Amino acid sequence: MNRIDYLGVSFAAICLIFCCFGFSRIQSNTEDVLQWLPDQSEARSDYDFFESKFGSDDFLIVTWEDCRLGDERLERFTDYLRSHDSTELIQKVTNGTEIFERLKRDSDFSQRQILARLRGVFFGADDPEVTCALIELSELGTADRSASMKLVWEAIDSDSTLNREQVVMGGYPYIATFIDGQLKNSFRYLLLPSIILSTLISLFCLRNGMLTLIVFIAAVGAAATSIAFIPICNTKYGGLMSIIPALVFVLATSGSIHLIRYGLEAIGDARKLLSIGWRPCLVSAATTAVGMLSLMRSDFPAIRNFGLFCATGVGFAMLFQLILVPCLLARFGTKGLHALAARSENASFWTSLMTWVQHRRVPVAIVFSIVVLGGLLGLTRLRAEVEVEKLFRPESEILVSIGNLENQLGPLDQTELLVVFNRPTADAFPDRVALVNKIQAKVARLEDVHVIYSLINFLPKEPSKKTARSMLKRSAYRSILRRERENLANGNLLHVDEEAETWRISLRFPFAEKANFDRLMTDVELAAEQAVSASEQALLSSREIVGTEGDPALLAEADARPKLIYTGKTHLFQHAQISLLADLFQNFLLAFVIITPILILVLRSVPLGLIAMLPNVFPTLLVFGGLGWVGIPVDLAIAMTACVALGIAVDDTTHFLIRFRDFNGRLGNVVDPVMKTISQCGPAMLHTTLIGSAGLLVYYFSDMLVVSRFAWAISTLLVIALLADVLMLPAMLFLFSRSKNIDSGAETDGDEVSIDFDQK
C-alpha cells in the first residue's frame, strides 16, 4: 500500500467511527412548528410576549363519534391523563362536561346559556351537546410533543369501549407528531429508492459495475457523514433536512462521475488524477456551498439549518471525491476506465450538437435572452404562501381527521387578540371587564370571525343601571369582580402582574379554509380600536370615576388607552408570507454576489466569469418567473430551491469552464477548446443531471408537500440548468469566437490534449 492508499483507508475508518457516534445521538426536530416561522420580526416579538404571559398556545382537542355531554368515556379519558402524567407533560386538561357542571354550579346560567356561550369551543357549533376534551401542554410537553401524544393514545387505548378509529383530534401537537411519522416514513421508504434509482442510472451511464460501486461508496459515505454531523452539532434532524442525505448523495455522485471522466487522462495514476481534478472539484464544491450558505442569513430557522447542513454535506462530498475516489480508481478501477475510454472515442453526438449551436449561436442567444426577460417580468407577479395545511396533501390522514373534528365541534385554527392595560388598579377592574366585553362584541360581528371567546364567556352579564334595584345588583357585581380578580387571573385567559393586566381574546377559523388573514388582522385591530375609542368617554364619566375626582390614580387609568396586540401561530404563518419573498431574493442575490467573483478569479477573466453566471441564473429566472406568470405561489420549500439550484447549477458550469481554460480556451479562442471540453464534460453533465433529477424526484411522492415540492422544483431546475450549460453557454462563447466553423475532424481524445492553464 502507498501513501494514498493509507490516506484512503484512514479517512474511511475515521468517517465510519464518526457516523456511528452521530447516528447514536440523532433526534427529530419536526415537533418544533416555530422552525417554519421567522424568528426575527416584530410579529415574532409579539408572539413571544404572548407566550411569556400565557405560556404555549399548544392545545389538543380530542373527541370521538357520539361524544356528548355526560359521556362517561370522556370522564375516564380525562382522569387517566391526570393520574398518569407523572412527568407533568400536561398543564391543564378539562372537558365539556366538567365546564358545564362548574358553570351550572357557580353561576345562574341556564343550560342553554352555557352551551351558547361556549359554542364552537367546548360544545358543537351545530349540535350544542357534542363536546370534547381540551388538553393544554406544559412547557415540557411542548418540548416533547411525541411523549405527550403517546400519553394521549395510551389514555384512549386504556378504555375498552374506545378505539383509535373512532377518535378525531386536532392541534399542533397532533400535527407535529404526524409530521414526525411522515419524516420517518420518507427516510425509510424514499431515501432507499432514491439511492437505488441513482445507482442504477449510474450503472447505465458508466456501464461498469466496479466504477458504479466506487461512485456508490463515495456517495453513501458522504450522505451518511452529513446526517451524522447534524446531531454532533447538537441539532435535531427533521423537516426539510430529511432530504439532505439524498441531495448530498446526488452531489457526491455527480462529482465522482466528473472525476471518473478526468480519470481517462490518468488511468492507474491517482496523483495525476488529483492534479487534474482537484481544482474543478474544489471550485465547484465551494460555489455550491456558497449557494447553500447564503440561506444562513434567512429569518427562518428551518431554512438556516437546511443551508448550513447542506453546505457541510457538500464539503463531505468533496472530501470523499478527492480522497477516496482516486484511491479506489487506482486500486480497483483501471479496467473500468479502459472500457470507458474505449466507448468515449466516438463523440459524434456532442460534435453534432456543438456544430448546430455554433451555426445558430445568434438565434440561440436571442431565444435565451427573451426567456430571461420574460422570467424577470414574471418575478414581479410572484407571490408567497406559508400555511401549515399546505404541508400536506389534501387527502392526507391528518387533514381528514381535522376536517371531521371541525364538522363536529367547529373551527380549530386560532389567533389571539391581547388587550394590555399598563399599571392597572384593582378598583377599576370592573371597567376593564366592561371594555374587554365591548371589544369582544365588536370583533365578534366581523364576517370572517367564526368563533370568539375569552374570560368574558365565563362571566355573568353586568346588571343595568335602569332601576335602583338593578343598580344595587350592579354595585354588588362589581364588588365581586374586584374581590375575585386574582382568582380569575389563575386561568389562561387573564394574566395579572405588577406591570400590566393582559386579557386574551381567542378567535377561531376553519383550519383548511383559505381566509384573507391580512384583511382580517386589519379589521380586528380597527374594530378593537373603535370599541376602545367609544368607551373612553364612558370610562371618564362612570360613577366610580366621577365619585373619586381627587384620586389621580383612577383618573390616570381611565384616561389610559390599552395596548392591542394581534398574534398567534396562525398569524405568524401569515406574516411569514410577507418576509418569504424578500428572504428569497436577498439570499439569491447574496449567493450571486459571492459566486460571481469566485468564478472571475478562478477563470482569470471578468467577461468569462460574467458569461459563466448566465446559465446559472437562467434556471431560477425561468422557473420562478414561470410560477409568477401561471399564478402558482412560492412556499418555504420552493423558495429554498433558488439558492440551492444556483449552487448545484454552477457545479457543472464550473467543471465545463475550468476544463475549457485547461484546453487553452479564452474568448478569442473558443471553438476547439469548447469541442474538447464538451467531449469530456458533456457526458458527465448529462449523466449527473439524469442521476440527480431522478434521484431527487423520488421525494415527489412524499406525503409532506413541503418535501414533494422541493423535489420537483429542484429536479426541474437541474434539467433546465443542463440545457443552459450545453446550449446557452456554448452559444455565448461562440459569439466571441474568431473561428467561423467547427472542425469536425478536431482531435477530441483527452489523452492527447496539451494543458496550459496559465495561458491567457
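Model, not experiment: these values are computed from the prediction. In what follows, residues are counted from 1 in the order of the sequence shown. Below, each value reflects all heavy atoms present in this structure, side chains not excepted, and no hydrogens, waters or symmetry copies.
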Undergrad: Checking Asp652 against His258 for the side chain to side chain contact (heavy atoms under 4.5 Å, CB included) test, could you report, in this order, the C-alpha distance in whole Å, the side-chain angles of both residues, the deciding distance, and whether it holds?
TA: CA-CA 9 Å; Asp652 280 342; His258 276 290; 2.9 Å; yes
Undergrad: Please report the C-alpha distance between Leu722 and Thr688 in whole Å, then the side-chain angles of each, then the deciding distance to 0.1 Å, and finally whether the side chain to side chain contact (heavy atoms under 4.5 Å, CB included) criterion is met.
TA: CA-CA 9 Å; Leu722 173 67; Thr688 56; over 6 Å; no
Undergrad: Do Phe592 and Asn616 come within less than 4.5 Å of each other through their side chains, counting heavy atoms only?
TA: no
Undergrad: Main chain of Ser693, side chain of Ser715: is a donor-acceptor contact present, judged purely on distance under 3.5 Å?
TA: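 Checked: pair present.
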Undergrad: Minimum heavy-atom separation for Leu259 to Cys281, with atom names?
TA: CD1-SG, 3.7 Å
Undergrad: Which distance, rounded to the nearest 0.5 Å, do you find between the CG of Leu723 and the CZ of Phe368?
TA: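 It is 6.5 Å, given to the nearest 0.5 Å.
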Undergrad: To the closest 0.5 Å, what do you measure between CG (Leu273) and CG (Leu322)?
TA: 9.0 Å
Undergrad: Among Ile678, Leu729, Val674, find the residue that satisfies the side chain to side chain contact (heavy atoms under 4.5 Å, CB included) test when tested with Phe660.
TA: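 The residue from Ile678, Leu729, Val674 that satisfies side chain to side chain contact (heavy atoms under 4.5 Å, CB included) with Phe660 turns out to be Val674.
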Undergrad: Classify the ring geometry between Phe316 and Phe18 as parallel (under 30°), tilted (30 to 60°) or perpendicular (over 60°).
TA: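 Ring orientation of Phe316 relative to Phe18: tilted.
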Undergrad: Given the rule in the side chain to side chain contact (heavy atoms under 4.5 Å, CB included) test, do Trp629 and Leu377 qualify, once you have shown the distances and angles that lead to the verdict?
TA: CA-CA 8 Å; Trp629 281 114; Leu377 293 175; 3.8 Å; yes
Undergrad: Drop me the distance from Leu718's CG to Ile691's CD1, to the nearest 0.5 angstrom.
TA: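 With rounding to 0.5 Å, CG (Leu718) is 11.5 Å from CD1 (Ile691).
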Undergrad: Could you tell me the separation between the CD1 atom of Ile257 and the NE2 atom of His655, rounded to the nearest 0.5 Å?
TA: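 Taking CD1 in Ile257 and NE2 in His655, the distance rounds to 11.0 Å.
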Undergrad: Should the ring pair Phe229 and Phe309 be called parallel, tilted or perpendicular, given that the plane angle runs from 0 to 90° and is split at 30 and 60?
TA: perpendicular
Undergrad: Hey, mind stepping through Thr288 and Met292 against side chain to side chain contact (heavy atoms under 4.5 Å, CB included) and telling me if it holds?
TA: CA-CA 7 Å; Thr288 302; Met292 310 296 188; 3.9 Å; yes
Undergrad: For Cys15 and Phe320, work out which heavy atoms get closest and say how close.
TA: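 Answer, listing the atom of Cys15 first, then Phe320: SG-CZ, 3.7 Å.
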Undergrad: Under 4.5 Å between any side-chain heavy atoms of Arg659 and Ile276, yes or no?
TA: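 Of all side-chain heavy-atom pairs linking Ile276 with Arg659, at least one is under 4.5 Å.
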Undergrad: Just by modelled atom types, is the Gly378 backbone N or O under 3.5 Å from a matching donor or acceptor in the Arg381 side chain?
TA: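 No.
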Undergrad: Show the nearest heavy-atom pair for residues Gly628 and Leu382, with the distance to one decimal.
TA: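 Closest approach of Gly628 to Leu382, heavy atoms only: N-CD1, 3.6 Å.
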Undergrad: Tell me, do Leu610 and Thr596 make a side-chain contact under 4.5 Å, heavy atoms counted?
TA: yes
Undergrad: Would you check if Leu329 and Ile260 make a side-chain contact, meaning some heavy-atom pair closer than 4.5 Å?
TA: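 In short, these two side chains touch, coming nearer than 4.5 Å.
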Undergrad: Using a strict threshold of under 4.0 Å (side-chain N to carboxylate O), is an ion pair present between Glu265 and Lys676?
TA: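 No salt bridge links Lys676 with Glu265.
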Undergrad: Shortest non-hydrogen contact from Pro597 to Val593?
TA: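 In this case the closest contact between Pro597 and Val593 is CD-O, 2.7 Å.
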Undergrad: Which heavy atom of Cys310 sits nearest a heavy atom of Leu247, and at what distance?
TA: SG-CD2, 3.5 Å
Undergrad: Taking the side chain as C-beta and beyond, is there a heavy-atom pair between Leu657 and Arg661 under 4.5 Å?
TA: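 No, their side chains stay 4.5 Å or more apart.
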Undergrad: Strictly distance-based, threshold 3.5 Å: is any side-chain N or O of Thr677 a donor or acceptor partner for the main-chain N or O of Pro673?
TA: yes
Undergrad: For the backbone of Ile195 and the side chain of Ser198, can you confirm whether one donor and one acceptor N or O come within less than 3.5 Å of each other?
TA: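 Checked: no pair found.
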Undergrad: Enter the distance from Leu379:CG to Phe624:CZ here, rounded to the nearest 0.5 Å.
TA: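 So the CG of Leu379 and the CZ of Phe624 are separated by 9.0 Å.
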Undergrad: Are the side chains of Pro193 and Phe701 in contact, using a 4.5 Å heavy-atom criterion?
TA: no
Undergrad: Does the side chain of Met354 come within less than 4.5 Å of Val671's, by heavy atoms?
TA: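 Counting from C-beta outward, Val671 and Met354 never come under 4.5 Å.
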Undergrad: Heavy atoms only: give me the nearest Ala591-Ser294 pair and the separation to one decimal.
TA: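 Shortest heavy-atom separation between Ala591 and Ser294 comes out as CB-OG, 3.6 Å.
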Undergrad: May I ask you to test the Ser194-Phe249 pair for a side-chain heavy-atom distance under 4.5 Å?
TA: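 Side-chain contact under 4.5 Å: no.
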Undergrad: How far does CG of Leu614 sit from CE of Met728, to the nearest 0.5 angstrom?
TA: 4.5 Å
Undergrad: List for me each residue that meets ring pair (Phe, Tyr, Trp, His ring centres under 6.0 Å) alongside Phe216, sequence neighbours excluded, and say none if there are none.
TA: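 In terms of ring pair (Phe, Tyr, Trp, His ring centres under 6.0 Å), with neighbours along the sequence ignored, Phe216 is linked to no residue.
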